[in-house]
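Notes for the one structure printed next.
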Amino acid sequence: QVQLVESGGGLVQAGGSLRLSCAASGGTFSRYAMGWFRQAPGKEREFVAAIDRSGIGTNYGGSVKGRVTISRDNAKYTMSLEMHSLQPEDTAVYYCTRYSGSNYYTGLHGMDYWGKGTLVTVSS
């Protein structure tokens, strides 16, 4: 049974930084692309970032590009999201997801597991 557990969310002031982590268990972590999505109240779930199996290939959503960095440690079964210059519009629940194979997508398809999310609140 695959489980994804996010951590690192919290309250931060505008302009601040946070590092989110996703710990995976079950399955073989290095076989799958991984990603981060977020969902703000009343809005659709939005693509934030994705990373390929090796950790070399990455992709970022337009609203966060240049402010976030995704990384993974296949030996530790973990993935991280470093976020900087946070703004109130970044307030959302951030979800870790595992894609069902080696490819990643920016749309809401191709994933087979989701974490329960971690809340990020950015105050102005």
Side-chain angles (χ1 to χ4, degrees):
Q1 182 70 19
V2 174
Q3 286 191 322
L4 302 174
V5 180
E6 303 92 338
S7 62
L11 176 63
V12 63
Q13 288 188 332
S17 300
L18 277 177
R19 180 183 175 93
L20 305 183
S21 296
C22 173
S25 61
T28 303
F29 187 69
S30 61
R31 289 183 179 174
Y32 303 94
M34 299 290 295
W36 288 96
F37 281 72
R38 69 184 183 184
Q39 189 164 19
K43 295 189 177 181
E44 295 184 351
R45 195 164 292 193
E46 175 190 23
F47 172 74
V48 175
I51 189 165
D52 69 8
R53 295 183 297 177
S54 69
I56 296 174
T58 59
N59 193 16
Y60 296 96
S63 60
V64 300
K65 198 169 187 177
R67 300 190 294 119
V68 307
T69 303
I70 189 172
S71 60
R72 66 189 294 165
D73 186 329
N74 287 341
K76 295 182 178 179
Y77 276 45
T78 59
M79 176 179 66
S80 296
L81 186 72
E82 290 271 4
M83 303 190 294
H84 302 284
S85 302
L86 286 164
Q87 299 301 316
E89 52 265 35
D90 294 313
T91 294
V93 177
Y94 284 71
Y95 297 92
C96 166
T97 187
R98 192 186 86 168
Y99 292 89
S100 58
S102 58
N103 295 322
Y104 53 73
Y105 309 94
T106 60
L108 287 171
H109 61 91
M111 303 84 165
D112 55 7
Y113 291 97
W114 291 87
K116 293 182 178 180
T118 185
L119 177 63
V120 172
T121 303
V122 184
S123 64
S124 57

Within one Ile-Leu-Val-Met-Phe-Trp-Tyr cluster: [X] and [Y], side-chain cutoff 4.5 Å:
X	Y	answer
M111	Y113	no
I70	F29	yes
V68	L20	yes
L4	L81	yes
Y77	Y95	no

Gap separating the [atom1] atom of [X] from the [atom2] atom of [Y], nearest 0.5 angstrom:
X	Y	atom1	atom2	result
R53	S30	CZ	OG	8.0 Å
I56	R72	CD1	CZ	11.0 Å
E89	S124	CD	OG	10.0 Å
M79	T97	CE	OG1	8.0 Å
E44	Q39	CD	CD	8.5 Å
E82	L18	CD	CG	9.5 Å

Donor-acceptor pair, distance only, cut-off 3.5 Å: does the side chain of [X] make one with the backbone of [Y]?
X	Y	answer
Y94	G9	no
R67	S85	yes
D52	Y104	no
T121	T91	no

Matching residue for S80 among C96, C22, S21 - test: side-chain contact (heavy atoms from CB on, under 4.5 Å): S21

Closest non-hydrogen atom pair, [X] against [Y]:
X	Y	answer
L11	S123	CD1-CB, 4.2 Å
S54	G57	OG-N, 4.4 Å
S102	A33	O-CB, 3.6 Å

Residues forming a salt bridge (charged side-chain N to carboxylate O under 4.0 Å, His left out) with [X], sequence neighbours excluded:
X	value
D112	R98
R45	none
E6	none

Test side-chain contact (heavy atoms from CB on, under 4.5 Å) applied to R38 and V64, step by step: CA-CA 11 Å; R38 69 184 183 184; V64 300; 3.7 Å; yes

Neighbour count >12 (heavy atoms, 6.0 Å) for atom CD, Q3: no

Full working for side-chain contact (heavy atoms from CB on, under 4.5 Å) between M83 and V120: CA-CA 11 Å; M83 303 190 294; V120 172; 4.0 Å; yes

Ring geometry between W114 and F37 (parallel below 30°, tilted from 30 to 60°, perpendicular above 60°): perpendicular

side-chain contact (heavy atoms from CB on, under 4.5 Å) evaluation trace for Y60 with T69: CA-CA 8 Å; Y60 296 96; T69 303; 3.9 Å; yes

